[in-house]
Amino acid sequence: MMRGVRDFPVEAFRDALRAWFQANARDLPWRRSRDPYRVWVSEVMLQQTRVETVRTYYERFIRRFPDVEALAAAELAEVLRYWQGLGYYRRARHLHAAARRIVRDRAGRWPQTVQEWLALPGVGPYMARAVASIAFGVPTGVVDGNVRRVLARLGGLKQPAVRDLQAWADGLVDPRDPGMFNQAMMELGATVCTPVRPRCGDCPVRTFCRGFSTGRPEQFPTPVRRAEPPEERWWVVLWSHRGRWLLGHKRDGLLQDMWLFPMWPERTGDVETDVLTFWSPPDLRAAADVLRPLAPVVHEFTHRRWRLRPVWIPWPDGWDPPSVDGVMASTGMFQSWQWFPQAYLRRIPIPRAHRKVLAALARPVLRPMTG
DNA sequence: CTCCTGGTAT
DNA sequence: ATACCAGGAG
């Protein structure tokens, strides 16, 4: 057991936390049911994502895919479309794959133990314990980012090991209602024991808290600064022809299975040199004639920052259809490509970064293209 | 603007 | 250890 955690008044802590949660729990859509499907979907969405963002997505998703059978029967593209804008699209692909496993391999029988949940794709230590405790009453503690912070402050721990926190959470969890206890811990972290300026005055368990007694709760756990993500500069080509737009289906890695406008790395800063060299000579001359620079877009991921320079190429209706295969193949990032009518852009999964590019069409150019 | 947050897979 | 997204708060 960790220093500072010995002789922790477990029963009194549970009582104070329970009373607080019963009076202060936010009314969230996924809390109205202990249906494993709903608990699971909400937990997947809430991973790495804020409650207010998830709320809208969750309700739409449940309307469209009301149970695990409906999700398993759906196409991946459809699932991704409902996930569009939430980020971490791998979550959606795993959710979909796991739904198919539950329906096909388990004949719709739900995993109930932590071990069974862990066997599903996209389910790790946190999620397995969250769903098992909330939907099935398994007496196990969960340690997500919120709980980690709450426990670190309670124990006055600067750099707690996850294993120790898990062990502590397992000992703390209320066996009478593990799901409620876990949700209460996370709720406390989300609304009171916040990363900056925690509201200790509103905290139901401050009398148990070493962080509070030190007067500097924000020091637990020790804050760490994230490194600057490296920057990448890309040209993005919005190619339109007879009311259609050319997009590619991303093959792998970042934004896999999403639809993107073709992109080329910026090298010289001159679009004809960097992009149009991959085009056939007649296409090159024609494209240069109708090329329209758009306002730049910045989009930040965890691990890299994109500076996008969108270029609109409105291919005149009267001209021959452009030959796109060689051009799209030259990007090396798509498994297929397609001309989509304007109205269809709402029906395919396009990540936020390229939605911003699309929005740049409606704005005036802010800077010249060269330089 | 700047600084901050988050689970799983590999 | 690193890849993966899109925000919010101040």
Side-chain angles (χ1 to χ4, degrees), chain A residues 39-58 80 82-98 114 117-134 140-153 162-163 165-166 169 182 185-199 218-232 250-260 297-306 308 333 349-357 359:
Chain A
V39 172
W40 177 39
V41 169
S42 70
E43 289 297 342
V44 175
M45 286 189 174
L46 287 163
Q47 236 175 270
Q48 316 296 96
T49 310
R50 290 183 160 70
V51 164
E52 284 315 312
T53 308
V54 166
R55 204 191 273 267
T56 324
Y57 280 88
Y58 173 81
L80 283 174
Y82 276 78
W83 210 269
Q84 166 184 295
L86 259 187
Y88 292 107
Y89 301 100
R90 187 150 48 183
R91 293 180 298 173
R93 292 191 287 114
H94 283 148
L95 184 68
H96 183 239
V114 172
W117 276 101
L118 280 173
L120 291 175
V123 176
Y126 164 75
M127 182 109 59
R129 289 172 171 83
V131 186
S133 66
I134 297 170
T140 178
V142 301
V143 180
D144 73 341
N146 284 316
V147 175
R148 173 172 182 272
R149 190 173 54 254
V150 169
L151 291 179
R153 287 180 181 164
V162 177
R163 282 190 49 204
L165 294 183
Q166 182 65 58
N182 286 332
M185 288 288 279
M186 296 189 277
E187 186 85 341
L188 188 68
T191 64
V192 174
C193 195
T194 49
V196 297
R197 299 152 62 103
R199 306 210 298 272
E218 289 178 271
Q219 297 305 301
F220 309 96
T222 305
V224 288
R225 247 191 71 98
R226 192 138 53 189
E228 282 275 300
E231 189 170 284
E232 296 178 0
K250 182 83 164 44
R251 194 209 330 269
D252 48 23
L254 184 67
L255 303 173
Q256 181 180 351
D257 290 326
M258 305 292 283
W259 288 88
L260 274 68
V297 164
V298 177
H299 187 81
E300 188 154 339
F301 301 98
T302 320
H303 54 308
R304 70 191 77 171
R305 188 200 322 269
W306 277 359
L308 305 179
M333 60 172 78
I350 298 173
R352 199 69 94 187
H354 278 212
R355 291 275 170 203
K356 290 182 190 171
V357 168

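Chain identifiers are assigned alphabetically (A, B, ...) following the order of the sequence lines, protein sequences preceding nucleic acid strands; residue numbering begins at 1 within each chain.
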Taking DNA chain B as the partner, which of residues 123-134 of chain A come within under 4.0 angstrom of it by heavy atom?
->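 A:Val123, A:Gly124, A:Pro125, A:Tyr126, A:Met127 - these, ordered by number, are the residues of the stretch whose heavy atoms sit under 4.0 Å from the strand.
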Rounded off to whole Å, could you give me the [atom1]-to-[atom2] distance for the [X] and [N] pair?
X        : N     : atom1 : atom2 : result
A:Gln84  : C:dC4 : CD    : P     : 19 Å
A:Leu86  : B:dG6 : CG    : C1'   : 13 Å
A:Leu255 : C:dA6 : CG    : P     : 6 Å
A:Tyr89  : B:dG6 : OH    : C1'   : 16 Å
A:Gln47  : C:dA6 : CD    : C1'   : 14 Å

Name the nucleic acid region contacted by [X], choosing base, sugar-phosphate or nothing; use a 4.0 angstrom heavy-atom cut-off, strictly under.
X        : answer
A:Pro121 : sugar-phosphate
A:Arg225 : sugar-phosphate
A:Glu300 : base
A:Arg305 : nothing

Taking only N and O in the side chain of A:His299, is any of them less than 4.0 Å away from OP1 or OP2 of C:dC5?
->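 The answer is no; no side-chain N or O of A:His299 sits under 4.0 Å from OP1 or OP2.
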What nucleotide among C:dA6, C:dC4, B:dT5 has an atom nearest to a side-chain atom of A:Thr302?
->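 Ranking C:dA6, C:dC4, B:dT5 by closest atom to the A:Thr302 side chain puts C:dC4 first.
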Nearest to side-chain heavy atoms of A:His94, which nucleotide of C:dC5, B:dG6, B:dA9 =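 Between C:dC5, B:dG6, B:dA9, the one nearest the side chain of A:His94 would be B:dA9.
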Report the residue from A:His354, A:Lys356, A:Glu231 that forms a side chain to side chain contact (heavy atoms under 4.5 Å, CB included) with A:Trp306.
->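 Going through A:His354, A:Lys356, A:Glu231 one by one, the side chain to side chain contact (heavy atoms under 4.5 Å, CB included) with A:Trp306 is satisfied by A:His354 alone.
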Output all residues satisfying side-chain hydrogen bond (donor to acceptor under 3.5 Å, both in side chains) with A:Glu218, sequence neighbours left out; order by chain, then residue number.
->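 side-chain hydrogen bond (donor to acceptor under 3.5 Å, both in side chains) list for A:Glu218, sorted by chain: empty.
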Below 3.5 Å between N/O atoms, which protein atoms pair up with nucleotides 8-10 of chain C? Just atom names and distances, please.
from  : atom 1 : to      : atom 2 : distance (Å)
C:dG8 : O4'    : A:Arg50 : NE     : 3.4

Pick out the pairs of N or O atoms, protein on one side and nucleotides 1-3 of chain C on the other, that lie under 3.5 Å.
none

Would A:Glu43 and A:Tyr126 count as having a side-chain donor-acceptor pair, cut-off 3.5 Å?
->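 The criterion, which ignores hydrogens and geometry beyond distance, is satisfied for A:Tyr126 and A:Glu43.
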Donor on one side chain, acceptor on other, A:Tyr57 and A:Ser42, under 3.5 Å =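 Result is no, nothing qualifies.
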Spacing of CG belonging to A:Leu151 relative to CG belonging to A:Asn146, to within rounding of 0.5 Å |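 That separation rounds to 11.0 Å.
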Provide the full list of salt bridge (Lys or Arg N to Asp or Glu O under 4.0 Å) pairs with a residue in residues 84-95 of chain A, sequence neighbours left out, each pair given once.
->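 Counting only pairs at least two positions apart or across chains, the salt bridge (Lys or Arg N to Asp or Glu O under 4.0 Å) contacts touching residues 84-95 of chain A are A:Arg93-A:Asp257.
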Counterpart residues, salt bridge (charged side-chain N to carboxylate O under 4.0 Å, His left out), relative to A:Arg199 (two or more places apart) |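 Per chain and number, A:Arg199 pairs via salt bridge (charged side-chain N to carboxylate O under 4.0 Å, His left out) with A:Asp202.
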